[in-house]
Amino acid sequence: MNKTYEPKTFEEKIYRNWEEKKYFSAKPNKNKKPFTIVIPPPNITGQLHIGHALDDTIQDAIIRYKRMRGYEALWLPGTDHAALATEVKIVEAMAQEGLRKETLGREGFLERAYAWKDKYGGRIIEQFKKMGFSCDWDRLAFTMDERCSRAVREVFVNLYDKGLVYRGNRMINWCPCCKTALSDVEVEYAAAHSHLWHIKYRIDGEDGYVTVATTRPETLLGDAAVAVNPNDKRYKHIVGKQLLLPLTNRKIPVIADSYVESDFGTGAVKITPAHDPNDFEVGKRHNLPVICVMREDGTMAENAGAYAGLDRFAARERMIADLQAQGLLAKTEEHENNVGHCQRCHTVIEPMVSDQWFVKMQPLAEPAIRVAKDKTVEFIPERFKKIYLHWMENIRDWCISRQLWWGHRIPAFYCDKCGKMTVSKTDVTACPHCGGSVHQDEDVLDTWFSSALWPFATLGYPDKTEDLAYFYPTDVLVTAYDIIFFWVARMIFSGLEHMREIPFHKVLIHGLVRDAQGRKMSKSLGNGVDPLEIIESHGTDPLRMSLVSGVAAGGDIRFSTEKLEGYRNFMNKLWNAARFVVLNLENADVLPLEKVKLTLADKWMLTRLDDAIKQSVKYMDKFEVGLCAAALYDFVWSDFCDWYIELSKTRLYSTDRAERSHTVSVLVYVLRNILKLLHPVIPFVTEEIYGNLPLNDAESIMIDAYPLKAPRYPAAKKQTENLKDVITRIRALRADMKVPANKRTALYLVPTEGNEKLAKDGAGYIEKLAYGNSIRYGKPSGKCATVTTPWMEVYIPMEELVDPSAELDRLSKELVTVQAELARAEGKLGNPGFTAKAPPKLIEEEKAKVEKYTALKEKLTAAIEEWKQL
RNA sequence: GGGCAAUUAACUCAGCGGGAGAGUGCUACCUUCACAUGGUAGAAGUCACAGGUUCGAACCCUGUAUUGCCCACCA
């Protein structure tokens, strides 16, 4: 083995081997229980980023754990066509070549899109492999492949037939830059500094006017009325009268509607049904015309007269100036409001009335609410359930049509002759009503419409496949909290509607990866980290562990170079511990554990191993990968490396081959189990080391069994803990006395009653780990430094030490500590409330402490007296 | 405007009714035959604040403050 951990020398080789051996593949198997995860399919737009690295490391750890626990573990991979996101990218790339969508036409564009998919869809898969992910690649799916497309059609038509998909002319969110409709969740709101412009609307045939406050003067030409609250006394007299719309003098009525709040602005609101969702509703109630004054690219339309052709924001400024010039601008107030932006291009969204396709949500939401409430689907952590429920309970119909080319084309066909529409699972060539020629709807579906079907479409739906029967519902869905609405919620109601079953039992939610200062990683800040660069510089396992370790479910994680280096160091530590074991395989015979003659230290180690196993299983069963990793980090570094390896050296350096063999056997056993426990999180280094060990049960660690227990020796564990305490105290004394770390001294042991055997059995350990050059028994004459413990006293002759004058000081300090402890325990026992109500076990513990500290106090006092007299 | 979370050592975070923990950083000593990507020992916290429940509170309850996130049609 190399002297240091060098991941580059083995990661690729190992992954190739796993793939060749088909370890990742899963098939229905009656003799095993299934465990299924479907991957959140990455968009084909980009490459592996730190968010994927986190999300999929958690999944890989879970799936590897379950595989080792004997489940038929399927991790189903795939990619998402990401309709809008991808189209935006392709259009951008084309612009570089001076090309536009329209020049290529739909066919030409789609050709390019598929080429893009082949190029980038493949790239991200290769990058996932570098991460070590154990997906069943033979099942690689794509949201627009044949299987998913069939599922989409099936679902769309079924919903349509039930009246749950419909086409309607309604207010939607329009992105003037992407030139498509968006769903509500694709709009991101941001606070903006704006103004509240107070504009005077003259009353027709009278002298007066009504002042209207608005944040959107550019829509003024689309006004259909001015509304006031029916109870507003200020305006009662003008309700029903006509106003002259500024800049055009078109006549509009004053109407009364309770939607208006009297105490905001002027209490009079301009109603623009074509450009505001609320106004649209008001307009419907009052039968107002919908006057659209904007084109789909956000410029003003022909009916905007002098402003036609101007961009909406330019028009706003021009109109404000014109109103001011005409004396119709009463006031301009500073105003803060929320403005919606396109999730993809961040352009300000324009509410528009348009013909679009919708999913009727109410009937679908009901069962989806129920399964969350009764925990058929369980959110981890539970608080995310509230967020989900709140959304589901206030759900609005989902706009699913997009004015794009890249995506699932809506399977609706319109007759050119009779005009009737046919919605069909298969392509329609002639109108079923009149036989006339037909043309298909130009629009495609929201990308999330197909993602919503992911857990069952990928397993064969609508066919009743063996896969579906075996692997569905899936077990756990792992994702960040930012796509609960986009995806998680939609999978739940889709699964319930189309499969009549939930898509997964549990939803494990994690946070986002942030930089060292806690900021979201973003291109504009330039604080993003590229997982590929990290793999290159530090290796995959350190990346995986630093993303996951120590993070409890639901929390954001901070990523920093320091953290990364910390875990790289851990790999090195593990590597060298293994190297130590492997180097000692020479001149020893490795035996199965049953044949080993165990020492005190061996028994302690095995018991600690059992503790670690139990804890790991507990955490992994709860999907707490991060806490599991952190606990193992501690266990490996402190218990195994710092203590056990050092303790084992006492016997390992014996000249007796049998002794060495026994020790090496325990080392190998413990190390192998450690590797297995760690493998789900850090698969590469554990596999590489595993390959160097004798007596393995499997040809690869990833198909070996996860440990469930190790032998326990509670008495030996306790005794070793006592020895560790003695050793630590001797070391502390040496440090206090300024003994150089490399100076060894004689150590005299005087065991307390009943601890004679411990002193004898532990002598070797104490000598080795407490820097002794010899162990003797009994108290030596002359001045000594003393370590007092409940199990033994240890004397070091003063002449062996550098700074004898410090000893009295040290003893006195220790006495103070012991007295404080004693007072504490006695205080507790002196409290009648405590002795009356505390559990008996606790009282016993406190009593034992009193006894222990009293004895120590006496010994220390005696030692101090003696010291003074010498 | 509503909701959720966080507030613990200089920093990043565990702990969530019975004596304040880890990693990093810091200090001192040590190149000891797995590892200096290391070892040993240390210093370092009125567990945000104020009340309450309890024999006992970082932990439970009630408020307050600060920060962050989500949701919401006040033009």
Enquirer: Answer with base, sugar-phosphate or nothing: what part of the nucleic acid does A:E281 contact at a heavy-atom distance below 4.0 Å?
Expert: nothing

Enquirer: Nearest-Å distance, CG (A:N773) to C1' (B:U32)?
Expert: 14 Å

Enquirer: Side chain of A:N572 only, heavy atoms from C-beta on: which candidate in B:C35, B:U40, B:G42 is closest?
Expert: B:C35

Enquirer: Which whole number of Å gives the distance between the P atom of B:A44 and that of B:A9?
Expert: 14 Å

Enquirer: OP1 or OP2 of B:U31 sitting under 4.0 Å from any side-chain N/O of A:N742?
Expert: yes

Enquirer: Nearest to the side chain of A:P839, which nucleotide is it out of B:G15, B:A34, B:G18?
Expert: B:G18

Enquirer: Would you mind pulling out the nucleotide paired to B:A72, Watson-Crick or G-U wobble, both distances under 3.5 Å?
Expert: none

Enquirer: Would you say a side-chain N or O of A:R558 is under 4.0 Å from OP1 or OP2 of B:C13?
Expert: yes

Enquirer: Counting only side-chain nitrogens and oxygens, does A:R731 get under 4.0 Å of the OP1 or OP2 atom of B:A41?
Expert: yes

Enquirer: Looking at B:A41, B:C35, B:G39, which one has an atom nearest to any side-chain atom of A:T728?
Expert: B:A41

Enquirer: Taking pairing as Watson-Crick or G-U wobble with both contacts under 3.5 Å, can you name the mate of B:C11, or confirm there isn't one?
Expert: B:G23

Enquirer: Answer yes if the ring centres of A:F379 and A:F384 are under 6.0 angstrom apart, and no otherwise.
Expert: no

Enquirer: Would you call the rings of A:F640 and A:Y644 parallel, tilted or perpendicular if under 30° counts as parallel and over 60° as perpendicular?
Expert: parallel

Enquirer: Do nucleotides 66-75 of chain B as a string where each nucleotide becomes B, S or -: B if the base has a protein heavy atom under 4.0 Å, S if just the sugar-phosphate does, - if no protein is that close.
Expert: -----SBBBB

Enquirer: Among B:A34, B:G18, B:U40, find the nucleotide with the atom closest to the side chain of A:K828.
Expert: B:G18

Enquirer: Students often get this wrong, so: under 4.0 angstrom with heavy atoms, is A:A836 touching a base, only sugar-phosphate, or nothing?
Expert: nothing

Enquirer: If we ignore hydrogens and angles and just use 3.5 Å, is the side chain of A:T214 paired with the main-chain N or O of A:R216 as donor and acceptor?
Expert: yes

Enquirer: Please report the distance separating the C1' of B:C61 from the corresponding atom of B:G17, rounded so that it comes out in whole Å.
Expert: 13 Å

Enquirer: Kindly indicate whether a cation-pi arrangement holds for A:R608 with A:W637, taking the cut-offs as under 6.0 Å to the six-membered ring centre and within 45° of the axis.
Expert: no

Enquirer: Taking the side chain of A:F834 as its heavy atoms from C-beta onward, which of B:G39, B:U40, B:G18 lies nearest to it?
Expert: B:G18

Enquirer: Pick the nucleotide of RNA chain B nearest each of A:F640 and A:A516; which residue has the one closer to the 5' end?
Expert: A:A516

Enquirer: Categorize A:R824 for me: base, sugar-phosphate, or nothing, with a 4.0 angstrom heavy-atom threshold over every strand shown.
Expert: base

Enquirer: What's the CD-P distance between A:E382 and B:A5, to the nearest Å?
Expert: 11 Å

Enquirer: Any donor-acceptor pair under 3.5 Å linking the side-chain atoms of A:Y567 with those of A:S549?
Expert: yes

Enquirer: Suppose we call a contact any N or O donor and acceptor under 3.5 Å apart; does that hold for the side chain of A:E624 and the base of B:A14?
Expert: no

Enquirer: Does a nitrogen or oxygen in the side chain of A:K573 sit under 4.0 Å from OP1 or OP2 of B:C35?
Expert: no

Enquirer: What contact category does A:Y633 fall into here, base, sugar-phosphate, or nothing, at under 4.0 angstrom with non-hydrogen atoms?
Expert: sugar-phosphate

Enquirer: How many angstroms lie between atom CD of A:E6 and atom CE of A:M1, to the nearest 0.5 angstrom?
Expert: 11.0 Å

Enquirer: Using Watson-Crick or G-U wobble geometry with both distances under 3.5 Å, which nucleotide pairs with B:C49?
Expert: B:G63

Enquirer: Within the structure shown, what part of the strands sits under 4.0 Å from A:Y853 by heavy-atom distance: base, sugar-phosphate, or nothing?
Expert: base

Enquirer: Are the aromatic rings of A:F10 and A:W575 close, with centres under 6.0 Å apart?
Expert: yes

Enquirer: Would you kindly give the OH-to-C1' distance between A:Y771 and B:G39, to the nearest whole Å?
Expert: 6 Å

Enquirer: Measure from the side chain of A:W637, starting at C-beta and using heavy atoms only, and say which of B:A34, B:G39, B:G18 lies closest.
Expert: B:G39

Enquirer: So does A:H335 have more than 12 non-hydrogen atoms from other groups sitting under 6.0 Å from NE2?
Expert: yes

Enquirer: Taking the nucleotide of RNA chain B with the closest heavy atom to each, which residue, A:I557 or A:T4, is nearer the 5' end?
Expert: A:I557

Enquirer: Compare the minimum distances between each of B:U32, B:A34, B:U24 and the side chain of A:E562, then state the nucleotide with the smallest one.
Expert: B:U24

Enquirer: Rounded to whole angstrom, note down the C1' distance from B:A28 over to B:C33.
Expert: 26 Å

Enquirer: Quick one: label A:T835 by what it contacts on the DNA or RNA (base, sugar-phosphate, nothing), any heavy atom closer than 4.0 Å.
Expert: nothing

Enquirer: Less than 4.0 Å between a side-chain N and a carboxylate O, is that true for A:E807 and A:R810?
Expert: yes

Enquirer: Please tell me which of the listed nucleotides, B:G15, B:U40, B:C35, lies nearest to the side chain of A:L627?
Expert: B:G15

Enquirer: Please examine the side chains of A:Y235 and A:V210, heavy atoms only from C-beta on, and report whether any two atoms are closer than 4.5 Å.
Expert: yes

Enquirer: Return no unless some side-chain N or O of A:K649 is found under 4.0 Å from OP1 or OP2 of B:A34.
Expert: yes

Enquirer: Side chain of A:A735 only, heavy atoms from C-beta on: which candidate in B:A41, B:A34, B:G39 is closest?
Expert: B:A41

